Amino acid sequence: MMCLNSPCTRPDLNSLLRTADTGLNHHRVRWDRPVIQCVSRFDSSNANSSSASIHTGFSFGAGLVGRSRFEWQSFCSILASKVISLEQDTEKRNGGGDGVAAVDCHPALDLVSVKNQPVSQALLHRPLSIADLSPAPMHGSQLRVAYQGVPGAYSEAAAGKAYPNCEAIPCDQFDVAFQAVELWIADRAVLPVENSLGGSIHRNYDLLLRHRLHIVGEVQLPVHHCLLALPGVRKEYLTRVISHPQALSQCEHTLTKMSLNVVREAVSDTAGSAEYIASNNLRDTAAIASSRAAELYGLNILADGIQDDSCNVTRFVMLAREPIIPRTDRPFKTSIVFAHEKGTSVLFKVLSAFAFRNISLTKIESRPHRNCPIRLVDDAEAGTAKHFEYMFYIDFEASLAESRAQNALAELQEYVSFLRVLGSYPMDMTPWTPSSPQD
Ligand SMILES: O=C(O)C(=O)C[C@]1(C(=O)O)C=C[C@@H](O)C=C1
């Protein structure tokens with residue numbers, strides 16, 4: 001896949017994140033221990049043990065939660081100061097520089113340090129309010145929401161739908177968006193997990209397991225694709241169409257029907273492909289992206305609504321450091337991931353735990369079990385069977401506050417070797433609006 005420029009170039013938030021992360025590994029290790037055991041990180045020893053534990057932020061004693069949060073905050077304040085000093089160094093080297101979205105998040109980093117001051121010192125400035133105690137560090141400032149891509153990406157639109165008036169922070173990779181939240185550079189991440197035409201975005205399923213964030217919501221966004229090119233460029237001049245692989249696959253048949261004499265090339269995001277064409281003055285290349293990307297990067301719309309189905313929708317999940325408290329006063333969904341050792345018959349039992357309680361499953365996804373990808377079963381006469389092992393992801397329509405959901409998970413624990421609740425969160429119940437050129 002062709003890699004476009006990093007969206008956060010000055011200072012490079014993405015590389016700062018990576019440096020901060022690597023540079024302070026010893027802090028991470030110290031803090032990780034209780035979390036691996038208790039909260040969210042997938043632990044291979046747990047996955048293979050005979051008794052499973054539900055890994056969720058909801059189910060611990062207050063003392064444990066409090067202690068790990070305290071450790072998390074001091075850990076983050078060290079990381080934040082490291083990031084700030086790295087950024088200052090970078091700025092000095094670059095002779096200052098004007099702001100990009102990533103620079104806008106500096107005050108929030110200061111906020112992390114403020115949060116970690118002794119209470120008495122904080123009170124010198126102003127009395128504590130309820131906002132100081134909330135898991136999301138709003139403090140009157142905008143919520144900072146990390147997304148993969150550059151302005152004009154559908155993920156940015158999803159961030160705006162999920163959190164109107166948020167400060168959207170572009171990241172060059174999905175992994176960076178996860179890390180931005182873990183390091184308190186952002187308060188939330190908004191990530192695509194599935195599309196009605198292209199299917200699951202597997203990378204994000206894998207990252208959900210690898211990171212310790214919680215799903216706190218979902219949004220479904222109608223995705224309306226346009227074919228964009230520089231002003232004056234006609235379809236006949238094109239030799240290449242570039243876009244995000246999901247966007248290319250969502251427009252596959254329409255592109256074929258248009259009989260363009262082009263190669264299709266995958267790049268890291270839709271709006272990034274538009275930006276790339278504009279900044280390199282490419283007159284033989286078109287991008288598949290939103291009409292907002294056309295506006296932002298000065299491109300013309302050669303064709304409008306080129307997705308293969310007018311009901312093209314992408315589902316995004318919102319991620320936070322803390323889980324939300326599940327409720328029963330509105331429709332909730334719960335997402336889990338589990339592993340088992342005994343083959344596919346266990347999967348039937350797991351599914352029946354939901355069926356018997358009348359709980360609808362809205363999604364099931366399997367991914368390779370990284371710690372134990374293949375199970376060998378020797379048969380003296382027939383040879384060796386090689387079974388692929390999986391992690392199963394399930395979304396079901398119930399809140400974790402409901403006893404039927406709790407009972408289903410309790411039953412599940414009997415069949416699985418690893419179980420983690422990724423989040424219990426309100427379902428997107430916004431009215432259905434089919435995709436339109438404005439999206
Ligand atoms: O490239 C973008 O604009 C994105 O936001 C990414 C993404 C995806 O990963 O699926 C999001 C929504 C669309 O389905 C196409 C691409």
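Since the model is a prediction, treat every value here as computed from it, not as a measurement. In listed order, ligands and their atoms are each counted from 1.
There is no side-chain donor-acceptor pair under 3.5 Å between His214 and Glu322. Residues Arg264 and Thr256 bring a donor and an acceptor atom of their side chains to less than 3.5 Å of each other.
Counting atoms of ligand 1 from 1 in the listed order, those under 4.0 Å from a heavy atom of Asp269 are 1 (O). Listed by atom number, the atoms of ligand 1 under 4.0 Å from Ile201 heavy atoms are 10 (O). The Pro192 neighbourhood of ligand 1 comprises atoms 8 (C), 9 (O), with distances under 4.0 Å to a heavy atom of that residue.
Taking a cutoff of 4.0 Å between a charged side-chain nitrogen and a carboxylate oxygen, Glu411 and Arg357 qualify as a salt bridge. Salt bridge Asp308/Lys257: absent, no basic N to carboxylate O contact under 4.0 Å.
Protein heavy atom in closest approach to atom 2 (C) of ligand 1: Thr270 OG1, 3.2 Å. If you check which protein heavy atom lies closest to atom 5 (O) of ligand 1, you get Ser155 OG, 2.6 Å. Among protein heavy atoms, atom 8 (C) of ligand 1 sits closest to His244 CE1, 3.6 Å. In this structure, the protein non-hydrogen atom closest to atom 11 (C) of ligand 1 is Phe316 CZ, 4.0 Å. Among all protein heavy atoms, the one lying closest to atom 13 (C) of ligand 1 is Thr314 OG1, 3.6 Å.
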Next on the checklist: Run Arg367 and Asp206 through salt bridge (charged side-chain N to carboxylate O under 4.0 Å, His left out) and show every step you take.
Outcome noted: CA-CA 8 Å; Arg367 296 290 302 143; Asp206 296 341; 2.8 Å; yes
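No N or O atom of Gln246 sits closer than 3.5 Å to an N or O atom of ligand 1. Polar contact check, Gln148 against ligand 1: no nitrogen or oxygen pair lies under 3.5 Å apart.
One N or O on the side chain of Tyr154 and one on the backbone of Ser290 form a donor-acceptor pair closer than 3.5 Å.
A side chain to side chain contact (heavy atoms under 4.5 Å, CB included) with Val337 holds for exactly one of Ile394, Leu422, Val421; it is Leu422.
Close to ligand 1: Gln250, with a non-hydrogen atom less than 4.0 angstrom away.
Remark: aromatic rings of Phe418 and His340 are distant, center separation not under 6.0 Å.
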